[in-house]
Amino acid sequence: MDTLFAERLLDSALRRGADEAEVYLKRSKSLGIDVRDQKIDTLETSVTAGFCLRVIRDRRLGFSYSTAPDDAELVVERALEASRHTEPDDALALPVRSGPAPDLRVFDEAVPALPESEAIERVMLVEKTALDTDSRIRKVRKASGHFGTSDTYILNSHGVDVRYASSGCSAQLMVIAEEDGESQMGWDYEGSRFLSGVQFELVGRRAAQNALRLLGARKTTAVRGFVLLDSSVTTEFLGIFAAALSSESVQKKKSMLAGKKGAQVISTRLTVTDSGMIEGRLGSRPFDDEGVPTTSKRLIDSGVLTGYLYNTYTARKDNVASTGNAVRGGALSLPHVGPTCLVLESSSPERVAGFDRLVRAADRGLYVLETMGMHTANPVSGEFSVGASGVWIENGELRYPVKEAVISGTVLDLFQRVAAVGDDMRFYGNIGASSLLIEDIDISA
């Protein structure tokens with residue numbers, strides 16, 4: 001499948017009655033490795049390719065897809081037939097060709113050039129580093145690595161004609177520390193567009209340290225005090241919050257931020273940005289999945305909601321421009337709205353605090369290293385009640401590990417109560433955040 005194939009598919013759709021048409025091609029290659037006890041547990045190599053056709057005829061949407069190029073005419077026929085059975089919608093339209101894409105490097109030649117044997121060695125290094133960190137690291141639940149590339153091509157009847165190649169790699173590890181009959185788990189992760197952006201040894205070391213610091217954990221009493229969220233936990237809450245920034249959710253009245261544009265919704269200490277232009281990050285890309293150039297946009301400025309994420313369809317419904325946030329699950333799905341790289345950061349970068357300073361600012365509370373049950377949080381209301389493990393803070397000092405605590409509330413209230421922002425920004429996938437010190441939070445036993 002190449003440019004000529006896409007042009008023929010597009011021409012066929014227009015000749016047979018489509019008012020507008022779009023061809024989306026995606027080819028991907030990936031290597032997934034799981035290691036246990038310094039042996040390969042799983043080794044999966046996959047090559048996938050597919051294409052889809054989106055048509056608009058008489059203001060009605062039609063869609064079809066296939067993984068076989070020989071199905072091209074059948075895909076055209078099915079897309080046009082589907083358009084006969086959908087409701088007319090004045091907001092339907094494909095994007096028109098716009099300005100140039102940002103000069104952004106999202107492909108690293110080192111990823112496809114990496115020999116399989118060396119990729120395996122890197123994942124084994126993650127596990128070995130964890131086991132060598134401390135004799136109390138007894139088991140590895142899973143050491144995983146992923147290395148992949150993809151090629152995306154989008155062509156439509158309004159002049160959009162874009163192609164880009166991207167790469168990505170990641171490593172993660174779950175380990176178990178044991179002492180005196182007790183066991184605790186620790187996890188860590190790194191991902192990047194670039195091979196050099198993943199520090200395999202560091203992933204192993206941090207996972208081990210996270211497990212070790214929880215050994216000897218005990219329950220605590222209920223208290224209302226400070227909660228210091230590790231950056232990994234902050235990104236979990238930001239992941240819930242991300243759904244509320246989607247114009248799709250807002251238009252369906254399924255967003256905690258619906259109707260709040262221009263209002264202060266979180267702490268003035270915080271700013272939320274979505275950007276497809278952060279080099280090296282897994283969500284970065286020159287174009288979204290409709291061929292619209294990606295941009296950097298401030299969605300929340302010093303706590304004030306300034307905008308939402310849009311694709312072409314939702315933008316037309318609100319009479320605004322697309323923000324370049326059309327995303328697809330692959331060549332077999334329609335585009336929806338999603339973030340590129342979503343970042344929560346301090347509104348005043350010069351006022352971020354080091355970790356020790358954050359701890360000293362908390363007279364009593366919990367440093368949360370991991371949560372349990374975050375998937376149960378309500379993405380519409382933002383309500384959550386999750387288990388938490390971490391280290392107890394007393395008089396500005398880390399005292400002892402804690403297990404089976406519970407923190408609850410709403411995401412908006414949590415982000416409203418931020419007392420300080422850490423200087424330890426980290427990305428987990430396409431979401432980035434720092435540690436946050438939250439004040440006046442209920443911690444239940």
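Any value given below was found using the heavy atoms of this structure, including those in side chains, with hydrogens, waters and symmetry copies removed. As the structure is a computational prediction, the values presented were derived from the model and not from experiment. The chain is numbered in sequence order, starting from 1.
One N or O on the side chain of Ser157 and one on the backbone of Ala21 form a donor-acceptor pair closer than 3.5 Å. Judged by distance alone, with hydrogens and angles left aside, the side-chain atoms of Arg141 form no donor-acceptor pair with the main-chain N or O of Leu173 at under 3.5 Å. The backbone N or O of Gly324 sits nowhere less than 3.5 Å from a side-chain atom of Thr294 that would complete a donor-acceptor pair. Under a 3.5 Å cut-off, the side chain of Glu127 and the backbone N or O of Ala143 do not form any donor-acceptor pair. Between the Ser255 side chain and the Ser249 main chain, no donor and acceptor come within less than 3.5 Å of each other. With His146 contributing its side chain and Ala171 its backbone, the two residues share no donor-acceptor pair below 3.5 Å. Judged by distance alone, the side chain of Arg97 and the main-chain N or O of Gly291 form no donor-acceptor pair under 3.5 Å. Remark: the backbone N or O of Gly276 is paired with a side-chain donor or acceptor of Thr340 at under 3.5 angstrom. Side-chain atoms of Ser346 come within 3.5 Å of backbone atoms of Ser348 as a donor-acceptor pair (strictly under, hydrogens ignored). Within the 3.5 Å criterion, the main-chain N or O of Leu270 finds a donor-acceptor partner in the side chain of Ser347.
Using a 3.5 Å distance cut-off with no hydrogens or angles, the side chains of Ser167 and Asp108 do not pair a donor with an acceptor. Side-chain contact, Asn325 with Tyr310: no donor N or O sits under 3.5 Å from an acceptor N or O. With no hydrogens or angles considered, no side-chain donor-acceptor pair links Tyr308 and Asp318 at under 3.5 Å. Side-chain contact of Lys26 with Thr152: a donor-acceptor pair under 3.5 Å is present, judged by distance alone. Side-chain contact check for Ser144 and Asp34: at least one donor-acceptor pair (N or O, by modelled atom type) lies under 3.5 Å.
Arg417 meets the side-chain hydrogen bond (donor to acceptor under 3.5 Å, both in side chains) test with Asp413, Asp440; sequence neighbours excluded. Among residues two or more places apart in sequence or in another chain, the side-chain hydrogen bond (donor to acceptor under 3.5 Å, both in side chains) test is passed with Asp442 by Arg224. Among residues two or more places apart in sequence or in another chain, the side chain to side chain contact (heavy atoms under 4.5 Å, CB included) test is passed with Ala353 by Arg357, Leu358. By the side-chain hydrogen bond (donor to acceptor under 3.5 Å, both in side chains) test, Tyr153 pairs with Asp161, sequence neighbours left out. Every side-chain hydrogen bond (donor to acceptor under 3.5 Å, both in side chains) that Ser247 has, sequence neighbours left out, goes to Thr314. A search for side chain to side chain contact (heavy atoms under 4.5 Å, CB included) contacts involving Gln264 returns Thr268, Val304, Gln416, not counting sequence neighbours.
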- Ser385 and Val406: side-chain contact (heavy atoms from CB on, under 4.5 Å), yes or no, with the steps? CA-CA 7 Å; Ser385 180; Val406 176; 3.6 Å; yes
- Please walk me through it: do Glu87 and Asp89 pass side-chain contact (heavy atoms from CB on, under 4.5 Å)? CA-CA 6 Å; Glu87 293 296 321; Asp89 189 337; over 6 Å; no
- Task: Mind running side-chain contact (heavy atoms from CB on, under 4.5 Å) on Leu437 and Phe226 for me, showing each step along the way?
- Result: CA-CA 7 Å; Leu437 182 63; Phe226 285 90; 3.8 Å; yes
- Would you sort out whether Asp274 and Leu245 count as a side-chain contact (heavy atoms from CB on, under 4.5 Å), showing the intermediate values? CA-CA 10 Å; Asp274 181 76; Leu245 292 164; over 6 Å; no
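Between Tyr400 and Trp392, the two ring planes are parallel [angle under 30°; tilted spans 30° to 60°].
Contact detail for Val343 and Leu238: the closest heavy-atom pair is C-CD2, 4.4 Å. In terms of heavy-atom proximity, Ala315 sits nearest to Ala321 at CB-C, 3.6 Å. The two residues Ser296 and Thr273 make their nearest non-hydrogen contact at OG-CG2, 3.7 Å. Contact record, Thr306 with Lys261: O-CE, 3.1 Å, taken as the closest heavy-atom pair. Of all non-hydrogen atoms in Ala93 and Thr312, the two that sit nearest each other are O-CG2, 3.5 Å. Here the closest non-hydrogen pair linking Ala362 and Ile393 is O-CG2, 3.4 Å.
Atom CZ of Arg105 sits in a crowded spot, with more than 12 heavy atoms from other residues, nucleotides or ligands closer than 6.0 Å. Residue Met185 qualifies as open at atom CE: its count of foreign heavy atoms under 6.0 Å is 12 or below. Taking a 6.0 Å sphere around OH of Tyr65, one finds it holds 12 or fewer heavy atoms contributed by other residues, nucleotides or ligands. Heavy-atom contacts from other residues, nucleotides or ligands closer than 6.0 Å to NZ of Lys403 number more than 12.
Among the candidates Thr376, Asn378, Val411, the single residue satisfying the side chain to side chain contact (heavy atoms under 4.5 Å, CB included) test with Phe384 is Val411. The side chain to side chain contact (heavy atoms under 4.5 Å, CB included) test with Gln184 is passed by exactly one of Asn210, Leu369, Leu215: Leu215. Exactly one residue among Asp301, Leu305, Val265, Leu342 makes a side chain to side chain contact (heavy atoms under 4.5 Å, CB included) with Val272. That residue is Leu342. When each of Asp230, Asp188, Asp424 is paired with Arg206, the salt bridge (charged side-chain N to carboxylate O under 4.0 Å, His left out) condition holds for Asp188 and for no other.
Between the CD1 atom in Ile431 and the OG1 atom in Thr234 there is a gap of 11.5 Å [rounded to 0.5 Å]. To the nearest 0.5 angstrom, Asp151 atom CG is 13.5 Å from Lys29 atom NZ. Rounding to the nearest 0.5 Å gives a distance of 4.5 Å between CZ of Arg193 and OG of Ser166. The CD atom of Glu290 sits 9.0 Å away from the CG atom of Asn156 when rounded to the nearest 0.5 Å. Atom CD1 of residue Ile120 and atom CZ of residue Phe147 lie 9.5 Å apart, to the nearest 0.5 angstrom. One distance of note links CE of Met256 with CD of Glu383; it measures 9.5 Å at 0.5 Å rounding.
Ser322 is listed as a side-chain neighbour of Asp288, based on a closest heavy-atom distance under 4.5 Å. Counting heavy atoms from C-beta outward, Val402 and Leu366 have side chains that approach closer than 4.5 Å. Using a 4.5 Å cut-off on side-chain heavy atoms (C-beta onward), Thr48 and Thr67 make no contact. Considering only heavy atoms from C-beta on, Ile266 comes within 4.5 Å of Phe241 through its side chain. A 4.5 Å side-chain heavy-atom check between Ser267 and Phe415 finds every atom pair outside the cut-off.
Look at Asp289 and Arg328 and you find no salt bridge, because none of the NZ, NE, NH1 or NH2 atoms lies under 4.0 Å from a carboxylate O.
Aromatic ring centres of Phe63 and Tyr24: separated by at least 6.0 Å.
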